[in-house]
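Reckoned from all heavy atoms, side chains included, excluding hydrogens, waters and symmetry mates. One-based numbering along the sequence shown. Remember, it's 1-based here, ligands and their atoms both numbered in the order they're listed.
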Amino acid sequence: MNNSNPLLQDFEYAPFSAIKNEHFKPAITEAIEMARREIEAITKTEDKPDFKNTIEALEFSGKQLDRVTSIFFNLNSAETNKEIQEIAQEVSPLLSEFRNDIILNKALFERVKAVYNQKDKLELSAEQQTLLDKKYKAFARNGANLPVEKQEELRKIDKQLSSLSLKFGENVLAETNKFELQITREEDLKGLPESFMEEASSVAQSRGKEGWIFTLEYPSFLPFMKYVENRELRKKMALAFGSKAFHGDELDNRENVLQIVRLRYKRAQLLGFKTHAHFVLEERMAETPEKVNDFLEELLEKAKPAAQEEFNELENFAKELDNIDRLEKWDAAFYSEKLKQKRFNLDDEKLKPYFKLENVIDGVFEIAGRLYGLKFDEVTDIDIYHPDVKTYQVSDEEGKPIALFYADFHPRPGKRDGAWMTGYKSQYIKDGKQERPHISIVCNFTKPSKTRPSLLTFNEVTTLFHEFGHALHGMLADTIYPSLSGANVYWDFVELPSQVLENWCYEKEALELFAKHYETGEIIPMELVQKIKESANFHEGMATLRQLSFGLLDLSWHGIDPTDITDVKAHEDKAFEPTKLYPDVPENCMSTAFSHIFQGGYSAGYYSYKWAEVLDADTFEFFQEHGIFSREVANKFKSVILSRGGTEHPMTLYKRFRGKEPSPDALLKRAGLLKK
Ligand SMILES: [Zn+2]
């Protein structure tokens with residue numbers, strides 16, 4: 001069986017056409033066994049532990065497993081079906097069991113620790129030191145250094161935490177699904193564009209009901225808040241949305257929030273950290289909660305006056321228009337949209353003809369060529385998983401192949417929403433041989449129709465640049481170790497390559513390369529570009545304050561000893577005080593539905609969104625100072641940042657590139673919050 005399983009052969013390119021669903025589970029099971037044998041070989045050797053026989057051996061173990069699982073999980077996102085999803089349910093526990101067994105492998109940890117303890121004498125390169133550190137911490141941060149009874153306590157906490165997060169998420173989901181707003185009189189929906197009306201009517205039909213139905217899911221909720229003129233109905237929606245898991249019933253999350261933050265604190269203390277945020281930030285560019293706090297405070301101080309001004313202006317606008325005396329939260333999106341339309345009169349339909357997908361792709365390739373000397377040649381002899389997928393051989397200036405690039409642009413059943421970058425093979429150097437990466441981007445862009453090519457909204461254009469920026473991080477990687485290669489960097493650093501590339505979408509010099517009318521070939525008029533730029537900054541002060549409020553709330557839960565907090569809402573109100581613009585809504589609570597930090601992995605990490613913006617603006621300013629196509633700056637960015645992955649601390653890399661620490665001024669200037 002194994003001999004015929006294409007996933008267990010030595011392959012360079014993912015062998016999609018030979019793979020059948022029944023190959024996955026046996027291949028993953030066998031690859032796990034292979035990896036176990038490789039780990040066993042490390043622990044069984046008689047040789048004294050050293051960097052090569054322990055750290056490097058561990059790093060290069062499980063290669064086949066990596067390749068097989070990347071194919072499997074990529075397909076589960078981009079081209080899935082019921083069978084693949086069922087296999088995922090079966091193999092996921094096997095994989096986490098395998099990972100747990102490594103972390104709890106005492107003999108392995110003893111060897112890793114023995115090498116770690118002599119790290120100063122080993123004369124390691126910076127990359128090797130980082131690898132050693134990373135391997136050691138993977139054990140230590142899971143309690144490997146603790147006495148047995150403390151380890152047991154830690155496992156108990158981890159178990160409790162995982163069931164609490166699960167419960168938290170289930171409650172939010174149940175609350176979201178529980179609510180529906182049924183409208184039966186068309187005049188109540190005045191202002192709502194036709195397409196959203198149709199959507200709401202088909203929801204009603206699917207539930208066997210009259211009229212239109214709106215839910216708390218974003219695609220239904222957001223347009224409602226933005227367009228529906230009926231203020232009472234907007235209020236009703238806002239109160240429902242803002243009070244998820246805050247009704248004092250069995251779905252209430254207040255007790256779960258308190259338990260989660262207390263257990264996280266306890267876990268951090270067990271491991272020798274002051275708070276949960278200290279624990280998390282040890283492996284972040286920002287390093288400490290104190291630094292994150294200073295960062296958020298500095299932005300707050302600088303953005304607040306602009307935000308207050310925008311708020312006052314919006315309040316006056318609402319008063320003039322509809323005699324609104326006190327602007328409430330449920331008025332925000334509605335009047336903001338109205339004012340934006342009045343000021344810019346810019347809609348997607350005007351811009352789309354300039355952004356034919358093929359032109360935008362050529363444009364992003366051209367930009368990568370000007371910056372990094374890259375060339376993209378479409379190839380048709382590489383195995384693909386769906387006829388929509390395109391493949392490109394990427395080469396450098398000397399014509400040397402550096403990567404394979406897969407691009408999968410359009411939605412179809414079996415592909416999840418959104419856009420992402422991923423890979424089928426890592427870059428690394430082993431036994432002197434350079435292995436080049438296979439990188440993929442997957443998007444859900446408007447499909448071509450019989451009469452029209454695929455025309456992108458401006459938002460889709462920036463999304464393509466964003467994902468392509470991540471892809472460059474992968475394609476230009478040049479490190480020895482795969483776990484430090486490409487986008488394998490700290491969380492608050494990973495969005496720099498992607499976000500920085502979005503800046504080119506707003507520049508005349510770049511747009512002229514590709515933003516041409518699909519029928520007339522006319523280059524996008526510069527007054528439209530100017531409008532795009534200005535409207536991108538519309539209400540940036542208030543948007544900044546909102547992001548900061550979430551970051552501060554996150555830190556207020558995780559950067560302190562939470563033992564004495566008993567009232568979730570009161571605690572939250574206090575955390576929100578410095579960023580408050582709108583009157584408080586007593587019926588609402590954010591924390592009870594803040595899934596990012598209580599369910600997902602963003603705890604003590606919400607600041608990362610703003611942090612990444614600061615980095616990208618500061619980086620782009622450097623380009624602007626020397627010309628946005630400056631080869632000199634691009635070369636430096638490539639050699640110091642993009643190619644180096646996670647081989648050194650991101651602040652070290654960044655300072656080497658920029659000559660200084662990042663400053664928020666470039667972001668504030670770009671956002672129009674600081675005069676130039
Ligand atoms: Zn991203």
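Taking the Zn ion (ligand 1) as reference, E495 places its N/O/S atom OE1 nearest.
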Fill in: From CA spacing to verdict: side-chain hydrogen bond (donor to acceptor under 3.5 Å, both in side chains), E378, T391
CA-CA 6 Å; E378 187 166 357; T391 50; over 6 Å; no
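Metal site remark for the Zn ion (ligand 1): E467 contributes no N, O or S atom at a distance under 2.8 Å.
The NE2 atom of H466, the Zn ion (ligand 1) and the NE2 atom of H470 define an angle of 100° (nearest 10 degrees).
Contacts of Y424 classified as ring pair (Phe, Tyr, Trp, His ring centres under 6.0 Å), with partners at least two apart in sequence or in another chain: F16, Y406. Not counting sequence neighbours, the partners of F279 by the ring pair (Phe, Tyr, Trp, His ring centres under 6.0 Å) test are F273.
With respect to the salt-bridge test (charged N to carboxylate O, under 4.0 angstrom), the residues E632 and K636 do not qualify.
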